[in-house]
Amino acid sequence: MPDRQDANANLFAALRAAFPADLDACAIEGADGEQLSYSWRDLDRGTAMLANLLASLELEPGSRIAVQTEKSVEALMLYLAVLRAGYVYLPLNNAYQSAELEYFIQDAAPAVFVCAGPHFGWVSKLAFQAGTRYVFTLNEDRTGTLLDRAAHHGDQHQIAARAEGDLAAILYTSGTTGRSKGAMLSHGNLLSNARMLKDYWDWKSGDVLIHALPIFHVHGLFVASHGALLNGSRMIWFSKFEPRAVIRRLSDATVFMGVPTLYTRMLAEPTLTDEAAGTMRLFISGSAPLLIETWRDWQQRTGHLILERYGMSETLMLTSNPCRRADGPRKGGTVGPALPGVQLRIQDDAGQPCATGEIGHIQVRGPNVFSGYWQMPEKTKEEFTADGWFKTGDVGQQDAEGYVSIVGRSKDLIISGGFNVYPAEIEGFLNELPGVAESAVIGVPHPDFGEAVVAVLVAKPGAKLQPTEMMAAMKGRIAGFKVPKLMLLAAELPRNSMGKVQKKLLREQHAKAFT
Ligand code: AMP
């Protein structure tokens, strides 16, 4: 472990070094109705006090600090303080209930748990039973035992020395396909990815970020927060996404990051115009597929081409459409080429490289790739190839310029009558049909075909969909084995909090459709 401060590979040291010289300038301001303002000095002092509190607990090196709270600037400061003190941050989705939490607590054995005040009773019971030593509370309104205790600590703190390979965070995968696994990310993984994105997305002095994403996930916690902090940029902080309020604040900002649903919800607001987005430099989308219609509508309404990028908890950001014109065009419907420093290849089922345009398994390598799943050495081994590439589990193709298009998760692939059906292809087709707002295509057990293609459709407001006619219309246009054998109508698709359609849930719901 390095002992000189200038050699400290602690991610917090790099973020702190990027604070502007004027520490009294605003670092984070609350969105409408949240009259809060935090200077860079507040961030420095607040994280120092919290880090001193953690240090006073005399925890084992490598201790996990698990956090399940509402989004707040204090919760962000807690994340930064955990880095600063050299412990391991473990954020948990605030939608998780007791059975899920019990699993995470048993699996990760955190030394400290920070929860919302109203949950203290049941959370502390679960946590103390599993050996957790301290449970603190942190509420949205800046109350709770965590801040009460931190208030008694000094506001100076020497950043803990950490090496690049030391663990900084564990992110449990969202588990849309199977049991949630803890991806172990090091200071080096996080910092190398953040530095590369700062350059590739051309962060400029004067940039202001609208932060409207949750901070328990890679997108809001790492990509958005690190981006602004490493650039010394102000953030406009939304505890919750509210489309009208975000549109109102666009004129004070230059950068916005969102999952596709945030874009569709803003498109539903008449106040979204090119004038409203006049000061904006960059709109970024990721975490789930962005429909080409959304991309086109956004361009038409605001004049901006959304920059779509692709990444995951285990690898951080992998590909991105270019930001600067000199780096190439932005192509809708693709997630762009591999980011600088990231190696990406597409392989067929036999482990051979795919030709341009051929669909296969996406594998990656680079300083951004995690070291493995927490306490799952066997699972980790399975997910890496013998020559050290991580199998993302995503299926896609690359065009002649290296731009990647994601076709789906390999576990979502449908094999019907021996033929591969890629859900994204069928969904793209269905979404173009009149009256269709969105669709999800899944495979369910079928006595004859092994699996049968089933489509779940959501109609546009006021539209009436006729599944039988739609199936007939498709038959002449795509191969028969790709045409859904069953089309179901739904009011909405089941999504998790990052906007991902939960196909596992749909498959369970319709498992008996043909048997
Ligand atoms: P998570 O670890 O929760 O961030 O989930 C990562 C997964 O989200 C990836 O493996 C992809 O399946 C999906 N994903 C992320 N970004 C995109 C994107 N731009 N388009 C399509 N899928 C995406």
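Atoms within each ligand, like the ligands themselves, are counted from 1 in listed order. By convention here, the first residue in the shown sequence is residue 1. Everything quoted here is computed from the prediction, not taken from an experiment. Any value given below was found using the heavy atoms of this structure, including those in side chains, with hydrogens, waters and symmetry copies removed.
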Atoms of ligand 1 close to [X] [distance to a heavy atom under 4.0 angstrom, numbered from 1]:
X	value
Val218	4 (O)
Glu308	18 (C), 19 (N), 20 (N)
Met312	2 (O), 4 (O), 6 (C), 10 (O)
Val335	18 (C), 19 (N), 20 (N)
His217	1 (P), 3 (O), 4 (O)

Nearest option to atom 22 (N) of ligand 1, as decided by whichever heavy atom of Gly396, Pro289, Gly311 sits closest: Pro289

Taking atom 7 (C) of ligand 1 as the point of reference, which of Lys500, Met317, Arg309 owns the nearest heavy atom? Lys500

Where does [X] meet ligand 1, judged by heavy-atom distances below 4.0 Å: at the side chain, the backbone, both, or neither?
X	value
Leu171	neither
His219	neither
Ser285	neither
Ser313	both

Where do Leu229 and Met235 land on the side chain to side chain contact (heavy atoms under 4.5 Å, CB included) test, with the steps shown first? CA-CA 9 Å; Leu229 292 169; Met235 291 188 242; 4.0 Å; yes

Centroid-centroid distance, Tyr96 to Tyr103, less than 6.0 Å: no

Would you confirm whether the ring centroid of Phe256 sits within less than 6.0 angstrom of the ring centroid of Tyr263? yes

Where the side chain of His304 meets the backbone of Trp298, is there a donor-acceptor pair that is under 3.5 Å apart? no

Output yes when a side-chain donor or acceptor of Asn321 lies under 3.5 Å from a complementary backbone atom of Lys331, and no otherwise. yes

Going through the distances and angles, do Arg495 and Glu438 end up as a salt bridge (Lys or Arg N to Asp or Glu O under 4.0 Å)? CA-CA 12 Å; Arg495 291 182 188 276; Glu438 56 177 355; 2.3 Å; yes

Does Met498 have a heavy atom less than 4.0 Å from any atom of ligand 1? no

What pairs with Tyr89 under ring-ring contact (aromatic ring centres under 6.0 Å, His included), at least two apart in sequence or on another chain? Tyr79

Can you list the steps and then say if Asp349 with His361 is a side-chain hydrogen bond (donor to acceptor under 3.5 Å, both in side chains)? CA-CA 8 Å; Asp349 290 341; His361 305 281; 2.7 Å; yes

